[in-house]
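Reading through the structure tokens given below for one structure.
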Protein chains: 4
Amino acid sequence: MKKSKPKYMQIIDAAVVVIAENGYHQAQVSKIAKQAGVADGTIYLYFKNKEDILISLFEEKMGSFIEKINTMIAGKGTAVEKLLKMIEAHFSMLSEDHHMAIVTQLELRQSNKDLRLRINDVLKGYLQVIDKIVLEGKETGEFSVDLDVRLARQMIFGTIDETVTSWVMNEEKYDLLALASPVHRLLINGCGSR
Amino acid sequence: MKKSKPKYMQIIDAAVVVIAENGYHQAQVSKIAKQAGVADGTIYLYFKNKEDILISLFEEKMGSFIEKINTMIAGKGTAVEKLLKMIEAHFSMLSEDHHMAIVTQLELRQSNKDLRLRINDVLKGYLQVIDKIVLEGKETGEFSVDLDVRLARQMIFGTIDETVTSWVMNEEKYDLLALASPVHRLLINGCGSR
Amino acid sequence: MKKSKPKYMQIIDAAVVVIAENGYHQAQVSKIAKQAGVADGTIYLYFKNKEDILISLFEEKMGSFIEKINTMIAGKGTAVEKLLKMIEAHFSMLSEDHHMAIVTQLELRQSNKDLRLRINDVLKGYLQVIDKIVLEGKETGEFSVDLDVRLARQMIFGTIDETVTSWVMNEEKYDLLALASPVHRLLINGCGSR
Amino acid sequence: MKKSKPKYMQIIDAAVVVIAENGYHQAQVSKIAKQAGVADGTIYLYFKNKEDILISLFEEKMGSFIEKINTMIAGKGTAVEKLLKMIEAHFSMLSEDHHMAIVTQLELRQSNKDLRLRINDVLKGYLQVIDKIVLEGKETGEFSVDLDVRLARQMIFGTIDETVTSWVMNEEKYDLLALASPVHRLLINGCGSR
DNA sequence: GATGAATGAGGTTTCATTCAT
DNA sequence: CATGAATGAAACCTCATTCAT
């Protein structure tokens, strides 16, 4: 399988660095190749075209992120606790990976509609994790029975995403991870019964 | 001033139509000129460059939107009521202007980092409206005194934005305006004291 | 109309020179532009793409050639005389235009299948001229009534084409025009009744 | 010698198939290697470069064709009869080998000037066969003493070639072999004394 | 002998912007 | 003011060939 080949991840990692440091529109294939330490043509032994690099990048990174979250919140704890874990994991991952933070919050959003549709497919996996937590919370009575799952999901994802984007746009000047707890409180209030 | 000249708005309106119908990356200056009924070169008598069209577009449209909101919520009612008015106004405006909905939620996000920083400057006016409501709510005791204004703003804007984006991506299949009330309830729960 | 614009023919003439002197595969658009004395981009104001230059080149040159032949053989003379006129015109034109001779006999044949199909469409006009002469000859009794028109056309065109190609490949060392009469004699023998 | 190695012919045969089915410009070395069941690099153990494959292809196939013709017309019969035999052999061979017909009449003509000059060297062997028949015909009085051998050869080869090309371009819809006799009649008329 | 992963040069086309009219 | 013809820089991808195994 492709992914076992070292150059596959080597190129993806190079793409993250190049996009983060040069911006989406200045991330030429030749720059990525140079950063990865391979010839331009080698890129095309592992990826169909430039767009394929970006989709794969997102799939690989987001895929492993979703897996990590799923493992982390498996079984243990209430829905409220799981939501906190998820937010902490989300903030923690992007705090620790400066390049990925820039790429996911700013650069990859400049891609064209086709690419963004593909990215949304990957994101669905994440949104399903949120849905699962919300549903569980409704069942256990932690969240209001009237809660609309789609709206709750949009609030949770929208708030988290907006928080991270603000943090990145403010040049990561403050501690993102410290916001996990207050953001969590805001969100469970929103989901709670009154 | 530029804005008094009829061609200025003519070009901006043309840009909205062209971007909405062709997508950001297919919105060439020549297409906008054609749609506006002017020569390519005429564009440059009213705008410094292509980016200037897009910034002006956002400034004009967003500016009038913020004005409208400000008028609408001036003086009357509690913070909770003002928040509802604001959400309704936001959803209503985009419901009524299909082209602008596509342009603001999908197409303009594909612009480069520089342009998006400029757009964020314009957005600040809107975020200040939100801040004002949140602060008022804290003073009147409608919202928790512990509420972090920045986080609350991010939740409110993030939720609204994510809700609209989902609606646009789902091809505006359902009634966005009907979501104003449940979204509002979610948000005031989040902001409320417990 | 395009063709009235001077740059249209300017670019086509440049293409003939560049292809003849550099070969089909070394005839880059930038070389043609330079030879024509225009910018690369200007080419695309007059032609859809590179292939369109080549098709247009063939259409313009061959079109005017067929017109000339048609005028030349209109009405006057027997089929046998018309055939001679045609051969002389064919040999004469290529004798006088060294570049076109190379382009039509050697270089343009390297084009891909699509382009050659388009070229064949243009050639059909020429083949129809041959057919008309053959038919007339059969009617007047100059040629055998048993003569298969398609085969006769293939013999006439094949012989002429092969003669010119040989001449070009031999670096135009001998007088092509002098061959018109003996080639003509060969062909009318072939077509004649015995 | 190279040619005794089984892989040599294996690669040549693969090249014929790949070129016929994909076209000259889509006949990549890697495709030929795959069709031949060898690795890309192996090609270069038997051929100097890609052009060498094509020249060898033509030499091998044309060489055996010329041999066959020579054997077939050796000694027996008049020049007129030999010419018929030759045309029949030519039409017959290409009728029976669909791939070679496409390759020789359409695809190989797209090669560059250098390659076609090399191909012409090979063709000379065939043209000499024609010359021999024409000379013999002149000596026996079957053909006119005034007949220019070069022109006669160009007529014979040009007519045969044009006939086959037309047949291939018309997707081999009709019986090529049936044309041998009428084409032969045309040609001996052309060569005959009047 | 055989392999096939890696190489890297090279060209068509788009489109924001200018400036002579 | 308005025009629109002309400009020219810039990048993705292919594929013949090599060479370490």
Side-chain angles (χ1 to χ4, degrees), chain A residues 2 5-8 10-11 25-34 36-53, chain B residues 5-8 11 25-34 36-54, chain C residues 2 5-8 10-11 25-34 36-54, chain D residues 2 5-8 11 25-34 36-54:
Chain A
K2 269 188 197 168
K5 307 220 183 173
K7 297 218 166 136
Y8 178 81
Q10 201 171 317
I11 291 166
H25 289 294
Q26 282 306 307
Q28 293 89 346
V29 170
S30 61
K31 252 182 212 157
I32 296 173
K34 198 170 187 182
V38 300
D40 291 17
T42 305
I43 300 267
Y44 293 88
L45 297 177
Y46 296 90
F47 301 91
K48 220 170 69 240
N49 50 36
K50 188 180 176 181
E51 188 173 310
D52 191 30
I53 307 177
Chain B
K5 311 244 179 155
K7 291 200 178 159
Y8 177 81
I11 290 166
H25 290 292
Q26 282 307 304
Q28 293 88 351
V29 171
S30 61
K31 247 183 214 157
I32 296 174
K34 197 171 187 182
V38 301
D40 293 16
T42 305
I43 299 266
Y44 291 86
L45 299 175
Y46 295 90
F47 300 91
K48 216 172 74 237
N49 51 33
K50 188 181 179 181
E51 190 173 308
D52 190 30
I53 307 176
L54 303 175
Chain C
K2 268 189 197 168
K5 307 218 183 176
K7 296 216 167 138
Y8 178 82
Q10 200 171 319
I11 291 165
H25 290 293
Q26 283 306 305
Q28 293 89 348
V29 171
S30 60
K31 252 182 211 157
I32 296 174
K34 197 170 187 181
V38 299
D40 292 17
T42 305
I43 301 267
Y44 292 86
L45 297 177
Y46 296 90
F47 300 91
K48 221 172 66 241
N49 49 36
K50 187 180 177 181
E51 188 173 310
D52 190 31
I53 307 176
L54 304 174
Chain D
K2 274 187 199 170
K5 311 246 177 149
K7 292 201 176 159
Y8 177 82
I11 291 166
H25 290 292
Q26 284 306 305
Q28 293 88 349
V29 172
S30 60
K31 245 181 215 161
I32 296 173
K34 196 171 187 183
V38 300
D40 292 16
T42 305
I43 299 265
Y44 292 86
L45 298 176
Y46 295 91
F47 300 90
K48 213 170 78 240
N49 51 33
K50 187 180 179 181
E51 190 173 308
D52 190 30
I53 307 176
L54 304 175

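Quick caveat, the model's predicted, so the values are computed rather than measured. Numbers restart at 1 for each chain; the letters A, B, ... are given by sequence-line order, proteins then strands.
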Show me the protein contacts with nucleotides 12-16 of chain F, counting only N or O atoms at under 3.5 Å.
| residue | atom | partner | partner atom | Å |
| --- | --- | --- | --- | --- |
| dC12(F) | OP1 | Lys50(A) | NZ | 3.0 |
| dC12(F) | OP2 | Val29(A) | N | 2.9 |
| dC13(F) | OP2 | Tyr44(A) | OH | 2.8 |
| dC13(F) | OP2 | Lys50(A) | N | 3.0 |
| dC15(F) | OP1 | Gln28(D) | NE2 | 2.9 |
| dC15(F) | OP2 | Gln28(D) | NE2 | 3.2 |
| dA16(F) | OP1 | Lys50(D) | NZ | 3.0 |
| dA16(F) | OP2 | Val29(D) | N | 2.9 |

Gap between atom [atom2] of [Y] and atom [atom1] of [X] - 0.5 Å precision:
{"X": "Lys50(B)", "Y": "Ile43(B)", "atom1": "NZ", "atom2": "CD1", "answer": "10.5 Å"}
{"X": "Tyr8(B)", "Y": "Leu45(B)", "atom1": "OH", "atom2": "CG", "answer": "14.0 Å"}
{"X": "Ile53(C)", "Y": "Lys48(C)", "atom1": "CD1", "atom2": "NZ", "answer": "11.5 Å"}

Tell me every residue that passes side-chain contact (heavy atoms from CB on, under 4.5 Å) with Gln28(C), counting only those two or more places apart in sequence or in another chain. Gln26(C), Ser30(C), Lys31(C)

Set of residues satisfying side-chain contact (heavy atoms from CB on, under 4.5 Å) with respect to Lys7(C), sequence neighbours excluded: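 Scan of Lys7(C) (side-chain contact (heavy atoms from CB on, under 4.5 Å), adjacent residues dropped) gives Gln10(C), Val38(C), Thr42(C), Tyr46(C).
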
Check the pair Asn49(D), Asp52(D) against side chain to side chain contact (heavy atoms under 4.5 Å, CB included), reporting the backbone distance first and the verdict last. CA-CA 5 Å; Asn49(D) 51 33; Asp52(D) 190 30; 3.5 Å; yes

Quick one: how far along DNA chain E does chain B reach, first to last nucleotide 5' to 3', anything under 4.0 Å to a heavy atom?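 First-to-last contact on DNA chain E, by the 4.0 Å heavy-atom rule, is dC15(E) to dT18(E).
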
My validator wants the stems of DNA chain E: runs of 3 or more consecutive Watson-Crick or G-U pairs, both distances under 3.5 Å, written as range with range.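 In DNA chain E, stems of three or more pairs: E:2-21 with F:2-21.
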
Would you tell me if any nitrogen or oxygen in the side chain of Lys7(B) comes within less than 4.0 Å of OP1 or OP2 on dA2(F)?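 Lys7(B) to dA2(F) OP1/OP2: side-chain N or O found under 4.0 Å.
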
Compare every heavy atom of Asp40(D) with every heavy atom of Ala33(D), then report the nearest pair and how far apart it is. CB-OD1, 3.5 Å

Lys31(A) NZ - dA10(F) P separation (whole Å): 11 Å

